[in-house]
Amino acid sequence: MATRHVACRPVLLLSLVALAVLAVRPAAAQGLTPPPPPYTTCTTAGSGTTCRGNTDTTFSFPAEFACGSGAGSFAVDEQGTTHREATLWYDRAGNLTKRTLRIAPLEGTFTNAATGRSVPESAHFVITHELLTPGDLDTDRETIAGLFAKVVLPGGGSILLDVGKIVYDPDGDIAFAAGPHQFTDGQVAKLCAALS
């Protein structure tokens with residue numbers, strides 16, 4: 001099952017490069033590898049450069065996963081909005097060493113693509129990228145901590161909960177996990193039933 005994490009990871013990393021090219025950067029952001037997103041403001045001190053900023057975004061993951069099999073199967077779309085607060089740390093050479101992205105809140109929906117039936121989703125979490133080799137995105141160790149996904153039906157209780165902490169090594173394999181991770185682990189039977 002494709003997960004939001006797998007879909008988001010390349011987008012988050014590439015946004016560091018692609019978005020920065022489109023904007024005029026303040027002097028403190030020049031020469032940083034990779035460049036910070038355009039919505040950040042950077043300051044330089046003796047230990048390096050720190051960039052901070054926030055933005056509101058929308059997201060859409062068509063066919064995020066499928067429910068059922070055969071003729072009765074259907075795709076589930078995910079979409080919504082987020083408020084994001086980013087902080088990036090660069091060493092004296094201008095190479096990124098760490099980036100945090102605080103997403104609070106995430107408000108969205110999971111929708112049966114065939115019928116349009118939907119359920120509300122909420123989340124608030126922090127994604128931390130630590131580059132084991134400064135400036136080298138291939139050495140990214142990613143940690144996701146907090147409430148990654150929650151679906152509560154009015155009067156029906158919780159049908160999806162993904163909360164806790166997951167650490168991914170630079171190859172994308174899980175190095176550590178704590179907490180229930182129903183969405184990440186593809187345990188979506190109750191969610192599929194609610195969307196049927």
Side-chain angles (χ1 to χ4, degrees), residues 3-62 64 77-110 120-132 134-137 139-152 160-168 172 179 181 183-184:
T3 65
R4 177 175 6 144
H5 167 261
V6 173
C8 285
R9 189 171 197 200
V11 172
L12 291 170
L13 293 175
L14 289 175
S15 70
L16 289 171
V17 177
L19 291 177
V21 172
L22 300 175
V24 176
R25 304 302 306 150
Q30 298 298 325
L32 299 178
T33 304
Y39 60 83
T40 59
T41 300
C42 302
T43 57
T44 300
S47 61
T49 300
T50 303
C51 302
R52 290 185 173 86
N54 61 73
T55 187
D56 294 316
T57 65
T58 60
F59 65 90
S60 178
F61 299 115
E64 171 74 4
D77 300 336
E78 182 189 16
Q79 61 186 6
T81 61
T82 65
H83 177 74
R84 300 174 180 223
E85 297 176 4
T87 306
L88 299 89
W89 292 268
Y90 294 85
D91 62 16
R92 289 180 184 173
N95 293 311
L96 182 68
T97 59
K98 183 178 177 181
R99 176 183 192 230
T100 62
L101 183 63
R102 180 178 306 278
I103 298 177
L106 178 150
E107 296 174 348
T109 58
F110 289 108
E121 172 196 15
S122 62
H124 54 86
F125 54 94
V126 176
I127 302 172
T128 302
H129 296 276
E130 284 184 88
L131 302 188
L132 303 180
D136 184 354
L137 297 178
T139 67
D140 176 32
R141 179 173 56 209
E142 179 183 21
T143 301
I144 300 174
L147 178 63
F148 190 60
K150 181 179 180 181
V151 175
V152 177
L160 181 76
L161 184 63
D162 196 310
V163 64
K165 181 177 181 179
I166 300 179
V167 179
Y168 294 91
H181 297 289
F183 185 63
T184 302

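Computed over heavy atoms, backbone and side chain alike; hydrogens, waters and symmetry mates excluded. On a predicted model such as this, the values are computed, not experimentally measured, just so you know.
The side-chain heavy atoms of Arg52 and Thr40, taken from C-beta on, include no pair separated by under 4.5 Å. Looking at Pro34 and Leu96, their side chains come closer than 4.5 Å, going by heavy atoms from C-beta outward. With a 4.5 Å cut-off on side-chain heavy atoms, Leu131 and Asp136 do not count as touching. Using a 4.5 Å cut-off on side-chain heavy atoms (C-beta onward), Glu78 and Phe183 make contact. The side-chain heavy atoms of Val152 and Ser122, taken from C-beta on, include no pair separated by under 4.5 Å.
In this pair, Phe148 and Phe125 present their aromatic rings perpendicular. The plane angle is above 60°, beyond the 30 to 60° band.
A donor-acceptor contact shorter than 3.5 Å is absent between the side chain of Asp162 and the backbone of Ala149. In this structure, Arg92 contributes its side chain and Gly46 its backbone to a donor-acceptor pair below 3.5 Å.
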Side chain to side chain contact (heavy atoms under 4.5 Å, CB included) for Leu147 and Leu161? Distances and angles first, verdict last.
CA-CA 8 Å; Leu147 178 63; Leu161 184 63; 3.6 Å; yes
Take Thr58 and Gln79, measure what side chain to side chain contact (heavy atoms under 4.5 Å, CB included) needs, and give me the verdict at the end.
CA-CA 7 Å; Thr58 60; Gln79 61 186 6; over 6 Å; no
Under the side chain to side chain contact (heavy atoms under 4.5 Å, CB included) criterion, do Tyr90 and Cys51 qualify, and how do the steps go?
CA-CA 8 Å; Tyr90 294 85; Cys51 302; 3.9 Å; yes
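Looking only at atom types and distance, the side chain of Thr97 has no donor-acceptor partner in the side chain of Asp91 under 3.5 Å away. Side-chain polar atoms of Thr50 and Thr43 form no donor-acceptor pair below 3.5 angstrom.
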